[in-house]
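Remember, it's 1-based here, ligands and their atoms both numbered in the order they're listed. Quick note: numbers below take in every heavy atom, side chains included, and nothing from hydrogens, waters or symmetry partners. Because the structure is predicted, anything quoted here is derived from the model rather than measured.
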Amino acid sequence: MKIQIGRTCFILWSGLCIMWQSQAQASSLKLYEYSLPRMGTTFRILLYAPNATIASEASSEAFDRVEQLEQIFSDYREDSELIQACRKASQSPQTLGPDLYLILEKSLYFSALSDGAFDVTIGPVVKLWREAGRRQRLPEAEPLSKARLAVGYRNVVLDPDTRTLFLKRDDMILDLGAIAKGYAADQARAVLQKYGIHSALVAAGGDLSIGDSPPGAAGWDVEIRSWTSGSETESQTLQLRNCSTSTSGDKFQFLEAKGKRYSHIIDPKTALGLTDSASTTVIAPDGTTADALATTLSILPVSRGLSLADSLEKVSAFLVRRHGTEFQTFSSRRFPAFSSKSTLHAGWVPHNAGSP
Ligand code: AMP
Ligand code: MG
């Protein structure tokens, strides 16, 4: 007899609406759910554990790990490792802890891969757009072009032997907003695994790190909704396990001015917020890759973004672009639900595949 003991669904608006649900059949494991605001979003943990004590200990250690990472990566906390290192790194190379070194290394990898569409040195421009958002007015052209001069990932020097960071200009500000949450979601899930918890999902806002399937299910259901035109939406459900998915978009973070909607994602070439990328969803083997690529593919022209996704192993993407009040969708070759010819990766299961 199959007994449904748990069903949870969340709606995340991030340009796309993502909903996921899990179902537990008869099993000694129970579904537990926790949430905590961190890194400017809500971290949610869904996990299957034998009892409440293990579930609560594991999730509290996972949240501690997220808090630790926020203290390292934050560009809002003056005493974060990132801000402290940035302050001094143009004078002399600064030794970094393993998390900061690793995420900067990955950031430079995605910058090179995207020819600078993803750029971890975008900080000075992001700062102006944040201020503009508070004033509800576009940033002034002059400070924007000055800030743009400080952007350039090639001015970041990492030395793998000494694990140090050097910045070639003293006006540079590093910003990990496009990559840190995916990394943190994976790290939180790694803590759960230490407790023997493998059927789990950690969501850092729109960045999901997904483990083994819920007991008796073939995967975690993730529903992706996209606009088709005006306020109309259509949705598709993916069943995912052992992978990560991230959605970047301008649903919440945007500035409306002169009849345009400017996203919080900046094109480093123009220093302007994007206006046509409504949302971009990426599925990838790990959270850092999914997060970084969702931002990157928002910026790249559609055809370049899709070819980039196709060129990377176990990566696929679904893009929604805005043209006035109309929306156009694109999916990369391997995107499971939306592509006409779905080629599913190992670790993914087709929707309605039934129980394993
Ligand atoms: P996400 O929501 O993951 O797409 O990340 C958006 C955040 O990344 C923004 O709020 C900025 O902090 C930062 N960001 C904006 N534009 C870029 C860019 N071109 N490259 C890297 N980070 C960016
Ligand atoms: Mg991102």
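Checking Ile299, Leu274, Val126 one by one against Ile266, the side-chain contact (heavy atoms from CB on, under 4.5 Å) holds for a single residue, Val126.
In plain terms, the two heavy atoms of Phe166 and Ala89 that are nearest each other are CD1-O, 3.1 Å.
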Enumerate, atom names and distances included, each donor-acceptor pair closer than 3.5 Å involving a side-chain atom of residues 132-142, sequence neighbours excluded.
{"from": "Gln136", "atom 1": "NE2", "to": "Gly133", "atom 2": "O", "distance (Å)": "2.7"}

Name every donor-acceptor pair, under 3.5 Å, that has one atom in a side chain of residues 193-202 and the other anywhere in the protein, sequence neighbours excluded.
{"from": "Lys194", "atom 1": "NZ", "to": "Glu61", "atom 2": "OE2", "distance (Å)": "2.6"}
{"from": "Tyr195", "atom 1": "OH", "to": "Glu61", "atom 2": "OE1", "distance (Å)": "2.5"}
{"from": "Ser199", "atom 1": "OG", "to": "Ser213", "atom 2": "O", "distance (Å)": "2.6"}

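For the pair Pro214/Tyr48, a side-chain contact is recorded, criterion being any heavy-atom separation below 4.5 Å from C-beta on.
Atoms CG and NZ, on Leu102 and Lys106 in that order, are 5.5 Å from each other to the nearest 0.5 Å.
Between Arg65 and Asp99, at least one side-chain nitrogen of the basic residue sits less than 4.0 Å from a carboxylate oxygen of the acidic one, meeting the salt-bridge criterion. With salt bridges taken as basic N to acidic carboxylate O contacts below 4.0 Å, none links Arg334 and Glu313.
Shown are the protein N/O/S atoms under 2.8 Å from the Mg ion (ligand 2), given by residue and atom: Ala178 O, Asp291 O, Asp291 OD1, Thr295 OG1.
Taking the ring centre of Tyr101 as origin, the terminal cationic atom of Arg163 falls inside the region bounded by 6.0 Å and 45° from the ring axis.
Closer than 4.0 angstrom to ligand 1 by heavy atom are Ala117, Phe118, Asp119, Ile122, Val126, Arg130, Asp175, Gly177, Ala178, Ser248, His264, Ile265, Ile266, Pro268, Asp291, Thr295, Ile299, sorted by chain and number.
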